[in-house]
Engineer: 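First the structure, which I've put down as structure tokens, then a few questions once you've had a look.
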Amino acid sequence: MEKNRSNVGALIGGTLLIAFGLLALAGQLFRGFNWGFLWPFIVIGFGALFFVAMFANGKGGAAFAIPGSIISGVGLVLLFQNITRHWESMSYFWALIIMFVGVGIYIMGWYGGDEGQKKSGWGVMRVGLILFIIFGAFFEMIFGSFGGMIFPILLILLGGYLILTRSGLLGGGKKEEAKDEGISPAS
């Protein structure tokens with residue numbers, strides 16, 4: 001087991017050295033290119049290394065999916081903000097970190113073969129997405145101009161989703177107590 005851990009460390013360390021070497025070499029070869037645009041890819045790549053560790057350790061390394069998802073997701077958020085120059089969106093993008101935790105839990109359950117973890121991960125992802133929509137709509141409608149009609153429409157869709165799932169029309173509503181009436185749930 002100890003030899004496997006040193007192999008994973010060497011794999012991650014070697015990958016980091018190669019990546020930084022390639023970036024430095026590309027910086028020398030392409031001096032006119034704006035490298036400031038690509039820095040979020042370093043964060044994404046660092047998160048991807050956790051997935052390398054996950055696969056290198058087998059099912060026992062499934063927990064590496066959680067930090068891998070968080071770090072890679074934050075890198076994607078930073079890339080989006082770097083492209084759009086809408087840095088104010090970080091006032092609500094933090095809610096996506098909750099969603100990234102859910103993604104990590106889901107991947108951990110998928111890779112480890114645990115249906116309970118997959119279900120838990122899905123639930124955490126939904127909470128993060130709902131928070132993102134609510135806070136995004138609030139901050140964009142009050143303080144921002146990005147998105148225009150997108151966030152109000154997402155709020156309307158979220159409200160409709162909640163109403164439909166709670167009423168049972170989409171299968172997520174509360175089931176009536178069948179045993180109070182003497183009827184079995186299967187009938």
Side-chain angles (χ1 to χ4, degrees), residues 4-5 8-9 11-13 15-16 19 38-84 86-144 146-147 150-166 170-174:
N4 189 22
R5 287 187 183 181
V8 171
L11 179 64
I12 291 172
T15 304
L16 278 174
L38 296 178
W39 69 268
F41 285 107
I42 295 172
V43 179
I44 295 168
F46 186 68
L49 289 176
F50 282 92
F51 288 106
V52 170
M54 180 184 80
F55 289 119
N57 281 311
K59 289 188 185 248
F64 282 112
I66 296 173
S69 296
I70 295 168
I71 296 169
S72 297
V74 168
L76 289 171
V77 166
L78 293 172
L79 180 63
F80 170 81
Q81 291 176 327
N82 203 22
I83 291 170
T84 63
H86 188 61
W87 296 100
E88 319 60 67
S89 62
M90 191 53 84
S91 62
Y92 55 89
F93 266 40
W94 60 267
L96 288 179
I97 294 172
I98 297 168
M99 193 174 85
F100 300 146
V101 170
V103 169
I105 294 170
Y106 183 87
I107 293 171
M108 182 174 73
W110 168 77
Y111 190 68
D114 187 339
E115 288 298 318
Q117 285 178 337
K118 285 174 57 176
K119 186 176 179 181
S120 296
W122 182 247
V124 173
M125 280 190 277
R126 283 191 308 201
V127 168
L129 184 60
I130 289 169
L131 288 173
F132 173 72
I133 292 171
I134 290 170
F135 283 103
F138 173 76
F139 282 110
E140 288 298 335
M141 286 189 304
I142 303 298
F143 302 112
F146 187 73
I150 294 173
F151 278 109
I153 290 171
L154 287 175
L155 273 180
I156 293 166
L157 292 174
L158 176 61
Y161 169 78
L162 291 174
I163 290 170
L164 291 174
T165 57
R166 296 303 289 171
L170 291 179
K174 291 183 179 178

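Owing to the predicted nature of the structure, the values given are computational and were not obtained by experimental measurement. Worth knowing before you read on, the calculation uses all heavy atoms, side chains too, and leaves out hydrogens, waters and symmetry mates.
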Engineer: Taking ring-ring contact (aromatic ring centres under 6.0 Å, His included) as the test, write out the residues that go with Trp122, two or more places apart.
Structural biologist: none

Engineer: List the residues meeting side-chain contact (heavy atoms from CB on, under 4.5 Å) with Phe50, not counting sequence neighbours, and say none if there are none.
Structural biologist: Phe46, Phe64, Pro67, Ile71

Engineer: What are the two closest heavy atoms between Pro40 and Asn82, and how far apart are they?
Structural biologist: CD-ND2, 3.7 Å

Engineer: Who pairs with Ala62 by side-chain contact (heavy atoms from CB on, under 4.5 Å), at least two apart in sequence or on another chain?
Structural biologist: Met108, Tyr111

Engineer: What pairs meet the salt bridge (Lys or Arg N to Asp or Glu O under 4.0 Å) rule with one or both residues in residues 89-117, with sequence neighbours excluded?
Structural biologist: Glu115-Lys118

Engineer: So, taking the atom named CD1 in Ile44 and the one named CG in Leu76, what distance separates them when rounded to the nearest 0.5 Å?
Structural biologist: 4.0 Å

Engineer: Under 4.5 Å between any side-chain heavy atoms of Phe100 and Val77, yes or no?
Structural biologist: yes

Engineer: State, to 0.1 Å, how close Ile98 and Val124 come at their nearest heavy-atom pair, and which atoms those are.
Structural biologist: O-CG1, 3.3 Å

Engineer: Calculate, to the nearest 0.5 Å, the distance between atoms CG and CH2 belonging to Leu96 and Trp94 respectively.
Structural biologist: 10.0 Å

Engineer: Could you pull out all residues at least two apart from Phe41 that satisfy ring-ring contact (aromatic ring centres under 6.0 Å, His included)?
Structural biologist: none

Engineer: Listed by chain and number, what are the side-chain contact (heavy atoms from CB on, under 4.5 Å) partners of Val103, not counting sequence neighbours?
Structural biologist: Ser69, Ile107, Met125

Engineer: Of all residues at least two apart in sequence or in a different chain, which pass the side-chain contact (heavy atoms from CB on, under 4.5 Å) check with Ala95?
Structural biologist: Leu131, Phe132

